Amino acid sequence: TPDNSIFFFELLPIGAYRSNEAGQLLRANAALVHMLGFDNEAAMIAAVTDVANELYVDGRQREQFKELMARDGKVVNFVTELYHHKTRQRVWIRDNSHAVYSEQDELLYFEGTIEDITASRLAEQALRDSEAQLRTVTDQVPGMVFLVYLRRDGTRQYRFVSEGVRSLFGVAPEALLADGALLRRFRHPDDDLKTEEELRELHGQAQSGTSQFRVVTDDGSLKWVEVTSSLVSMDEQGTLRCGVMFDITERKRIETLLRETEERWKLALEGAGDGVWDWYVQTGVEYFSKRCKEMYGYGEDEMPERADLFDELTHPDDLAQMERDRQAHFDGLTPTYVNEHRIRCKDGSWKWVLTRGMVISRDAQGKPLRMIGTHTDITERKKSEATIWQQANFDTLTGLPNRRMLRDRLEQEILKAKRDGTQLAILFLDLDHFKEVNDSLGHDSGDALLVEAAARIRACLRESDTVARMGGDEFTVLLPNVS
């Protein structure tokens with residue numbers, strides 16, 4: 001009816017049109033006229049006599065459109081690019097149309113809607129570019145870098161897997177993304193249940209969790225792997241964790257050799273690049289191998305050979321946990337002493353080390369007399385973990401929290417507001433005419449504008465507030481404790 005026609009062509013918030021089979025435009029609503037840069041419907045109809053040549057970026061897609069229409073009588077989710085009339089910029093659109101026939105079954109025209117999806121297409125491309133950058137970084141990390149969603153029912157879904165999975169298991173990242181249970185079939189039968197239990201214990205743990213187990217590859221090779229992961233986010237269905245998996249087969253082989261005799265243990269670790277220490281607990285004297293001294297930049301006679309003086313080189317933030325782990329081994333609560341901490345080198349820099357040791361002799365009362373162990377430089381591994389966490393939670397351009405980090409903070413602030421009876425506010429900001437900056441001055445200038453805008457917004461806020469970049473020129477500000 002005429003009323004329906006007015007509603008359809010004038011009031012619909014997305015583009016709507018009619019065109020004949022030859023490609024001549026018959027009707028266009030205000031939304032479509034505005035979308036494609038015409039002054040009014042009459043001007044658009046007069047200008048567009050052949051949509052394939054005058055609107056389509058690739059005229060051949062019009063033939064594909066007509067073939068689908070002839071076959072099905074309709075076209076659903078047909079995605080293509082059209083030219084903006086005035087600027088000749090490309091506009092990504094989604095076309096949903098159908099053919100209209102007369103009572104004599106003659107084709108009258110095509111009728112449908114057109115939705116501007118340029119923003120979503122650009123966002124998808126930005127996401128692909130971001131993932132490509134992430135892959136470039138993670139491909140430099142030895143082993144497999146991953147982002148996995150652990151459901152409470154025990155199943156898992158990998159959302160990112162680096163190329164390192166090929167060298168570890170001989171499978172492609174795509175295979176693991178498609179089948180979250182794929183890696184379990186490689187586990188050694190004797191380690192499978194224990195590893196599953198350790199994974200279940202990771203639910204809700206914010207601190208890093210580490211697990212070691214054996215795997216058997218398709219060629220029959222036995223490998224030891226070490227998995228370290230930390231919590232990214234958590235919801236009712238499960239937890240999202242990021243982590244790294246390393247091949248530690250060689251390290252395990254060396255550890256086995258070292259257990260045979262003390263001297264062979266020291267010699268093997270020296271060859272593997274680890275530093276060895278030998279601590280006489282009751283006297284406080286601690287001897288360090290040449291490699292151990294070199295690791296921290298000291299010469300042969302420069303490093304103090306006392307445990308208390310060496311402990312003073314430990315980072316203050318790490319000292320308490322190191323002492324707890326050491327005491328737990330002294331008390332017989334753990335079979336070995338294992339701890340990760342930072343040590344100040346001779347030049348003042350900090351180095352992350354993994355220290356492992358074991359009491360090899362005790363007195364009649366069970367007090368430790370002598371303890372031997374190693375230091376392994378894990379600085380690069382720690383840097384990799386920090387990079388992965390940064391990539392997962394912060395915008396690479398502005399350094400602001402990203403959507404994931406904002407969602408996590410928002411959930412926390414909502415819970416806090418409910419508990420304390422306070423209020424919070426959310427502001428949504430975007431930059432007017434930002435597209436014009438990119439178009440006229442280039443993307444480098446646009447990026448510089450975004451960085452400056454982020455800095456200015458951040459400077460206006462309290463330390464307790466959060467500003468996040470949502471993508472493009474859009475920012476969100478979270479303000480807790482507002483009155």
Side-chain angles (χ1 to χ4, degrees), residues 127 130-131 134 138 141 143-162 164-165 168-169 171-216 224-246 248 321 334 338 340 384-394 401-420 424 466 468 470 478:
L127 181 61
S130 176
E131 182 168 338
L134 180 60
T138 56
V141 179
M144 182 186 92
V145 181
F146 61 87
L147 190 66
V148 62
Y149 186 73
L150 302 176
R151 298 187 181 90
R152 297 191 182 279
D153 62 5
T155 60
R156 58 188 62 87
Q157 177 190 8
Y158 286 89
R159 298 183 177 176
F160 177 86
V161 179
S162 72
V165 71
L168 279 174
F169 298 97
V171 299
E174 296 77 12
L176 186 52
L177 291 172
D179 181 5
L182 178 62
L183 295 188
R184 185 172 183 179
R185 73 176 179 86
F186 291 98
R187 284 190 209 145
H188 192 286
D190 294 343
D191 296 348
D192 184 44
L193 294 180
K194 173 178 173 292
T195 303
E196 278 299 300
E197 181 62 30
E198 290 174 346
L199 288 175
R200 281 193 290 270
E201 292 176 356
L202 287 178
H203 281 293
Q205 290 187 11
Q207 68 270 24
S208 295
T210 300
S211 177
Q212 296 179 0
F213 54 91
R214 291 167 292 176
V215 297
V216 181
W224 273 95
V225 297
E226 179 179 85
V227 183
T228 301
S229 68
S230 58
L231 181 68
V232 174
S233 63
M234 179 171 57
D235 56 29
E236 294 180 355
Q237 284 73 44
T239 59
L240 184 67
R241 302 185 70 87
C242 66
V244 289
M245 179 184 294
F246 296 104
I248 60 168
Q321 185 61 50
T334 57
V338 180
E340 295 180 359
S384 299
E385 292 174 355
T387 298
I388 294 167
W389 186 87
Q390 182 76 16
Q391 290 276 352
N393 292 280
F394 289 86
N402 60 15
R403 288 175 180 269
R404 179 181 291 115
M405 176 64 78
L406 176 67
R407 183 170 61 248
D408 181 67
R409 291 187 181 177
L410 178 59
E411 291 173 352
Q412 294 179 28
E413 291 298 341
I414 289 175
L415 292 175
K416 183 178 178 182
K418 289 180 178 178
R419 184 189 67 217
D420 299 340
L424 58 85
T466 297
M470 308 305 288
L478 174 61

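Just so it is clear, the model here is predicted, and its values are computed rather than measured.
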Salt bridge or not for Glu236 and Arg152, using N-O below 4.0 Å? no

Going by distance alone, is a donor N or O of one side chain under 3.5 Å from an acceptor N or O of the other, for Arg151 and Gln157? yes

Close side-chain approach of Phe169 to Leu183, heavy-atom, < 4.5 Å: yes

Checking the side chain of Arg241 only, and the main-chain atoms of Ser229 only, is there a donor and an acceptor separated by less than 3.5 Å? yes

Check residues 409-416 and write down every donor-acceptor pair under 3.5 Å in which the side-chain atom is one partner and the other belongs to a residue at least two apart or another chain.
unit_1: Arg409; atom_1: NH1; unit_2: Thr466; atom_2: OG1; d: 3.3
unit_1: Gln412; atom_1: NE2; unit_2: Asp408; atom_2: OD2; d: 2.7

I'd like to know if the side chain of Ser162 and the backbone of Val145 have a donor-acceptor N/O pair within less than 3.5 Å. yes

Could you tell me which non-hydrogen atom of Met405 sits nearest to which non-hydrogen atom of Phe394, and how far apart they are? CE-CE1, 3.9 Å

Distance, nearest 0.5 Å, that separates OG of Ser211 from CD of Glu226: 9.0 Å

Output for pair (Lys194 NZ, Phe213 CZ), nearest 0.5 Å, gives 9.5 Å

Between atom CG of Leu168 and atom CZ of Phe186, what is the distance when rounded to the nearest 0.5 Å? 10.5 Å

All salt bridge (charged side-chain N to carboxylate O under 4.0 Å, His left out) counterparts of Arg214, not counting sequence neighbours: Asp191

What I'd like to find out is whether the side chain of Leu231 reaches to under 4.5 Å of the side chain of Thr239, using heavy atoms alone. yes

At what distance, to the nearest 0.5 angstrom, does CG of Leu424 lie from CG of Leu478? 6.0 Å

Any side-chain heavy-atom pair of Glu385 and Val244 under 4.5 Å: yes

Less than 4.5 Å apart, any side-chain heavy atom of Thr228 and any of Phe246? no

CE of Met144 to OH of Tyr158, rounded to nearest 0.5 Å, is 5.0 Å

Closer than 3.5 angstrom, by distance alone: can the side chain of Tyr149 be matched with the main-chain N or O of Gly238 as a donor-acceptor pair? yes

Find out whether Leu240 and Met234 are in side-chain contact, i.e. whether some heavy atom of one side chain is under 4.5 Å from a heavy atom of the other. no

So, taking the atom named CD1 in Ile388 and the one named CG in Asn393, what distance separates them when rounded to the nearest 0.5 Å? 12.0 Å

On a heavy-atom basis, which atom in Leu406 and which in Ala468 lie closest, and how many Å separate them? CB-CB, 3.8 Å

